[in-house]
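For reference, the structure discussed in these notes is given below.
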2 protein chains.
Amino acid sequence: MATGRTHRPATRSRGIPEATVARLPLYLRALTALSERSVPTVSSEELAAAAGVNSAKLRKDFSYLGSYGTRGVGYDVEYLVYQISRELGLTQDWPVVIVGIGNLGAALANYGGFASRGFRVAALIDADPAMAGRPVAGIPVQHTDELEAIIRDNGVSIGVIATPAGAAQQVCDRLVAAGVTSILNFAPTVLSVPDGVDVRKVDLSIELQILAFHEQRKAGEEAAAGTAAVPAATREQSATDQGPDGDVPAVMPA
Amino acid sequence: MATGRTHRPATRSRGIPEATVARLPLYLRALTALSERSVPTVSSEELAAAAGVNSAKLRKDFSYLGSYGTRGVGYDVEYLVYQISRELGLTQDWPVVIVGIGNLGAALANYGGFASRGFRVAALIDADPAMAGRPVAGIPVQHTDELEAIIRDNGVSIGVIATPAGAAQQVCDRLVAAGVTSILNFAPTVLSVPDGVDVRKVDLSIELQILAFHEQRKAGEEAAAGTAAVPAATREQSATDQGPDGDVPAVMPA
DNA sequence: CAATCTTTGTGCACGCGTTCACAAAGACAT
DNA sequence: ATGTCTTTGTGAACGCGTGCACAAAGATTG
């Protein structure tokens, strides 16, 4: 039936706004790059430019974490890296299982971004018996039958679903029943989960459709405005972000 | 929010809210499933449940497209599929190029969701000469040198970047210079583009970090509340958006 | 120590998006 | 026709997120 979810403030006293949480990884990435270049401090203006956001927004975001900056100077890079990492929970180990080792699952398993930040691929799981034992990204694929045992034995709380749409809900149910409370879903399906379980979805098809919409709109405008349209070529750091509203997710290569 | 485009209301006269546009593909998917089951009509309540959203929100979303429903009955499935497809620009052909044919690029090339909705993989491009000519998903990979010619000859306006982070901006620049105006970026980098070019990003690392944040928060709550926590188990359609309950702080002091 | 300069932290206003709640519209039965 | 019942379409209120603009804080210089 309806979403019986008890409506709650969502932004609690000590709670950090969801929009801010979604940007923290972005800041962390920029800060890590600065750290590797041994840059000691950075101003909100500089960091904001690197992350592709407004500096005022960045300062407000950081203000939710506490006052870690020094007026007249900026933020200490190393300290900020630590604070954000801690806030995001990246200072601890997060074993992750990937279910569905097809093209996408294999790509995810090979993704270097996993180990880099506390995430560890604890196991690769596939329903195809023929896959069992075959190593992917150096990790032997295990059969779905082992799912519950794997989750339990490794204390896995985060699961990645990369199966066909038809199998996603079933896999999801088993993951949740086994103790997983956070799911990253790559299957083009709406997953139904109990309260307390977080689901984020990454859907290539949806992304493309959104782009097509804007593309069509641009074409229409251009036609309507005659030839005198779209001249703009001023290279800018406008980084047309459309990710802020906690919208879409992603994937990515090393 | 959408394109960081300064001029232009963003919500034009005929403009559909960005949040609504992002949900249209979701509705379309649910409607397509109903269509395949030959369901003639559907109520906002039913469709909303299938798409995992609030029914009032769905009705408001549709109201931006026009009045396609019949009070007392619901919406005509076939008609709605057509209207949404048209609105999203899926009734026309969208040639797409994928740049960077590594694990992820290959997975994307093999992804069936492409052809299904007007998207057609026009070409696969990689910088590695060794890849040139090798077929992936039945399409021979072409070298980066051909990029401009491919874009021009095929009238490509949508590009997918699946290269390593270091090459992304350069590839992006070439795509834009060649005429691409919509980019789906899988590389973990902030892309800088001129006005008029839309960029959407998909970042696995960010998604996992957001999940880790909530996971950590949940663990903290559980610990703080002792054993009397997280009892809820009512199976519900509370899908996607994470940000549900946000109880106890769970944030340690600095 | 005082003056000046830089940059943070935030109060405030604005706009988008969500949700409720209900009147209007149409189907359907009598 | 008239009445009842179902479901849409939307007015209005509310909350979140964004960005401006500025006072406060601290560094730096003389």
Side-chain angles (χ1 to χ4, degrees), chain A residues 2-12 15-24 27 40-49 51-77 79-80 83 238-239 241-247, chain B residues 1-6 8-12 15-24 27 40-49 51-77 79-80 238 240-244 246 254:
Chain A
T3 47
R5 168 139 320 175
T6 41
H7 301 10
R8 197 181 299 283
T11 354
R12 299 281 308 176
I16 297 174
E18 191 56 30
T20 294
V21 172
R23 281 188 294 269
L24 291 182
Y27 301 144
T41 62
V42 63
S43 70
S44 63
E45 203 68 51
E46 296 169 322
L47 186 55
V53 303
N54 181 297
S55 69
K57 190 188 296 183
L58 178 144
R59 287 197 298 276
K60 183 150 293 188
D61 283 341
F62 286 175
S63 76
Y64 293 117
L65 307 184
S67 293
Y68 297 146
T70 303
R71 296 170 191 236
V73 177
Y75 299 90
D76 181 277
V77 173
Y79 188 55
L80 206 44
Q83 289 300 339
S238 64
D241 55 358
Q242 61 287 80
D245 53 275
D247 83 26
Chain B
M1 122 160 358
T3 51
R5 171 169 321 187
T6 38
R8 207 182 307 291
T11 4
R12 300 219 331 269
I16 297 173
E18 190 58 28
T20 294
V21 172
R23 280 188 294 268
L24 290 182
Y27 302 144
T41 62
V42 63
S43 70
S44 63
E45 202 69 50
E46 295 168 323
L47 186 54
V53 304
N54 180 299
S55 69
K57 190 187 295 183
L58 178 143
R59 288 197 299 277
K60 181 146 289 187
D61 282 342
F62 286 174
S63 76
Y64 292 118
L65 306 183
S67 293
Y68 298 145
T70 303
R71 295 170 192 237
V73 177
Y75 300 90
D76 181 277
V77 174
Y79 188 56
L80 206 45
S238 63
T240 52
D241 54 17
Q242 77 309 351

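Below, chain A is the first sequence line, B the second, and so on; all start at residue 1.
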Task: Heavy-atom closest contact (B:Ser55 atom, B:Ser44 atom, distance) - done: CB-O, 3.9 Å
Which nucleotide wins on minimum distance to the side chain of [X], given the candidates [options]?
X: B:Lys60; options: C:dT18, D:dG26, D:dG19; value: C:dT18
X: B:Ala19; options: D:dG17, C:dG17, C:dC20; value: C:dG17
X: B:Thr70; options: C:dT18, C:dG17, C:dA27; value: C:dA27

Atom-to-atom span, [atom1] of [X] to [atom2] of [N] - whole angstrom:
X: A:Arg23; N: D:dC16; atom1: CZ; atom2: P; result: 15 Å
X: B:Phe62; N: D:dG9; atom1: CZ; atom2: C1'; result: 13 Å
X: A:Lys57; N: D:dC16; atom1: NZ; atom2: C1'; result: 13 Å
X: A:Leu58; N: D:dG17; atom1: CG; atom2: C1'; result: 15 Å
X: B:Glu45; N: C:dC20; atom1: CD; atom2: C1'; result: 13 Å
X: B:Leu47; N: D:dG9; atom1: CG; atom2: P; result: 12 Å
X: A:Glu18; N: D:dT18; atom1: CD; atom2: P; result: 11 Å
X: A:Asp76; N: C:dT7; atom1: CG; atom2: P; result: 16 Å

- [ ] Would you mind classifying the nucleic acid contact of A:Tyr75 as base, sugar-phosphate or nothing, using non-hydrogen atoms under 4.0 angstrom?
- [x] sugar-phosphate
Please check the phosphate of [N] (OP1 and OP2 only) for any side-chain N or O of [X] closer than 4.0 Å.
X: B:Arg59; N: C:dC20; value: no
X: A:Asn54; N: D:dC20; value: yes
X: A:Arg71; N: D:dT28; value: no
X: B:Ser43; N: D:dT7; value: no
X: B:Tyr64; N: C:dC16; value: no
X: A:Ser44; N: C:dT8; value: yes
X: A:Tyr68; N: C:dT7; value: no

- [ ] Taking the side chain as every heavy atom from C-beta outward, state whether B:Leu58 and B:Tyr27 have any atom pair closer than 4.5 Å.
- [x] yes
Task: Pairwise side-chain contact, A:Leu65 with A:Leu24, heavy-atom cut-off 4.5 Å (strictly under) - done: yes
TODO: For A:Ser67, enumerate each residue passing the side chain to side chain contact (heavy atoms under 4.5 Å, CB included) test, keeping only those at least two apart in sequence or located in another chain.
DONE: none
Task: Main-chain N/O of A:Val73 paired to A:Thr70 side chain as donor or acceptor, under 3.5 Å - done: no
TODO: Decide if the gap between the ring center of B:Phe62 and the ring center of B:Tyr75 is smaller than 6.0 angstrom.
DONE: yes
TODO: Would you kindly compare B:Val73 and A:Gly72 by the position of their nearest DNA chain D nucleotide and give the one closer to the 5′ end?
DONE: B:Val73
- [ ] For B:Thr20 and for A:Ser67, locate the closest nucleotide of DNA chain C by heavy-atom distance; then report the residue assigned to the nucleotide nearer the 5' terminus.
- [x] A:Ser67
